[in-house]
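For reference, the structure discussed in these notes is given below.
We count residues from 1, following the sequence as given.
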Amino acid sequence: MKTMKHEIKITVFIFTAVLALALSIWGPEALAKYQDKGTLNKIHAETVEAAGAGYRYKLNANEKLYILSRCLNSGTPSANEQNAITQLEDSYAFVANYRSPSEKEITDEQIYETCNDAMEVLKELGILPREVKTVVPSSYEATLYSAIDVLEPRNNIAVWKLSLSNSQVNADKGNRLMDAYIGAEDGKIYEFYARTSLLWENIDTDAVIEAWSGYMGLGNPEPYESDNPLLETTPYFKKYVFQGMGEERTIVTVGFYEGINELFLKIS
């Protein structure tokens, strides 16, 4: 009896081993053929990411400021990409963008209200005097630009340039915003020129740059030391340095044009 049971166990063991071996050899092929029958010659819908979608590097505030500064100093903004080729400096381009703003960007109908909202914030922070007037579409021109690192196109920022219209030749420019660059996504003022009734001695540049750097989210600035008196076309200015991209830096100038009483904050 024991011998018979022993033989049965051996038989079962051998059968199981052979079955396992057979499945390991022919099983995957048979399974693949079965799956193919359900997929071949049939149309299947599958949700995938749109072409070009996926990982997109997001620039921080310091990097955006640096890219815009390099592009603004690459020359006069070009009206088209072909002309922009002639104004590249270290592979940075600033090109007028005539496409419609994306869903994330401020539209041409919204930019004036956005600018006024941003100016109100700057006034609250003591960066702009309260007397600077709001902007209106009838008196200003708005153009959307793209600031692009040509060698790394993913490094780009869209900005609106708002300028007092050239048609306002005989208009009173006192207490008016003359020019401003405004982020097309964040609505922040990156650079501005504004006529005021202030005098240079009334402007605390350290307080202005500290408030503006906090508003932009840039971190603490450092004074820019230079012995060159010809850095500006006015003797009334003070420069500061912010971290840019990698080891690069961005210089921000708070200055004043005497005679026309124009306060400016510009990047370079």
Subject >> Sequence neighbours excluded, every pair satisfying salt bridge (Lys or Arg N to Asp or Glu O under 4.0 Å) that has a member inside residues 208-219 >> reply: none
Original post:
With sequence neighbours excluded, what pairs up with Tyr236 under the side chain to side chain donor-acceptor pair (under 3.5 Å) test?
Top reply: Glu258
Original post:
Taking the six-membered ring of Tyr66, is NZ or CZ of Lys64 closer than 6.0 Å to its centre and within 45° of its axis?
Top reply: no
Original post:
Is the ring centre of Phe94 less than 6.0 Å from the ring centre of Tyr145?
Top reply: yes
Original post:
Donor-acceptor pair, Glu248 side chain versus Met245 backbone, under 3.5 Å?
Top reply: no
Original post:
Excluding sequence neighbours, so at least two apart, what forms side chain to side chain contact (heavy atoms under 4.5 Å, CB included) with Asn220?
Top reply: none
Subject >> Value rounded to 0.5 Å, distance of CZ in Phe192 from SG in Cys115 >> reply: 11.0 Å
Subject >> CD/Glu120: more than 12 non-hydrogen atoms of other groups inside 6.0 Å >> reply: yes
Original post:
Under the salt bridge (charged side-chain N to carboxylate O under 4.0 Å, His left out) test, which residues partner Glu124, sequence neighbours left out?
Top reply: Arg130
Original post:
Which pairs pass salt bridge (Lys or Arg N to Asp or Glu O under 4.0 Å) with one or both residues in residues 108-118, sequence neighbours excluded?
Top reply: none
Subject >> Those residues that, when tested against Thr196, pass side chain to side chain donor-acceptor pair (under 3.5 Å) (two or more places apart) >> reply: none
Subject >> Partners meeting salt bridge (charged side-chain N to carboxylate O under 4.0 Å, His left out) with Glu105 (sequence neighbours left out) >> reply: Arg99
Original post:
When you check the side-chain N and O atoms of Ser146 and Asn156, is any donor under 3.5 Å from an acceptor?
Top reply: no
Subject >> Interatomic distance, Glu63 atom CD to Leu218 atom CG [nearest 0.5 angstrom] >> reply: 11.5 Å
Subject >> From OG (Ser69) to OH (Tyr92), nearest 0.5 Å >> reply: 8.5 Å
Original post:
So how far is it from Asn62 CG to Ile67 CD1, rounded to the nearest 0.5 Å?
Top reply: 11.5 Å
Side chains of residues 260-267: which donor-acceptor partners sit under 3.5 Å, not counting sequence neighbours?
{"residue": "Asn261", "atom": "ND2", "partner": "Leu198", "partner atom": "O", "Å": "3.0"}
{"residue": "Glu262", "atom": "OE1", "partner": "Arg195", "partner atom": "NE", "Å": "2.5"}
{"residue": "Lys266", "atom": "NZ", "partner": "Glu232", "partner atom": "OE1", "Å": "2.9"}
{"residue": "Lys266", "atom": "NZ", "partner": "Glu232", "partner atom": "OE2", "Å": "3.3"}

Original post:
Can you check side-chain hydrogen bond (donor to acceptor under 3.5 Å, both in side chains) on Asp179 and Ser163, steps first, answer last?
Top reply: CA-CA 4 Å; Asp179 287 290; Ser163 302; 2.5 Å; yes
Original post:
What residues form a side chain to side chain donor-acceptor pair (under 3.5 Å) with Thr114, not counting sequence neighbours?
Top reply: none
**OP:** Under the salt bridge (charged side-chain N to carboxylate O under 4.0 Å, His left out) rule, collect the residues that match up with Lys188, sequence neighbours excluded.
**Re:** none
Original post:
How would you list, by chain and number, every residue that makes a side chain to side chain donor-acceptor pair (under 3.5 Å) with Tyr240, sequence neighbours excluded?
Top reply: Thr205, Asp206
**OP:** For Glu152, enumerate each residue passing the salt bridge (charged side-chain N to carboxylate O under 4.0 Å, His left out) test, keeping only those at least two apart in sequence or located in another chain.
**Re:** Arg154
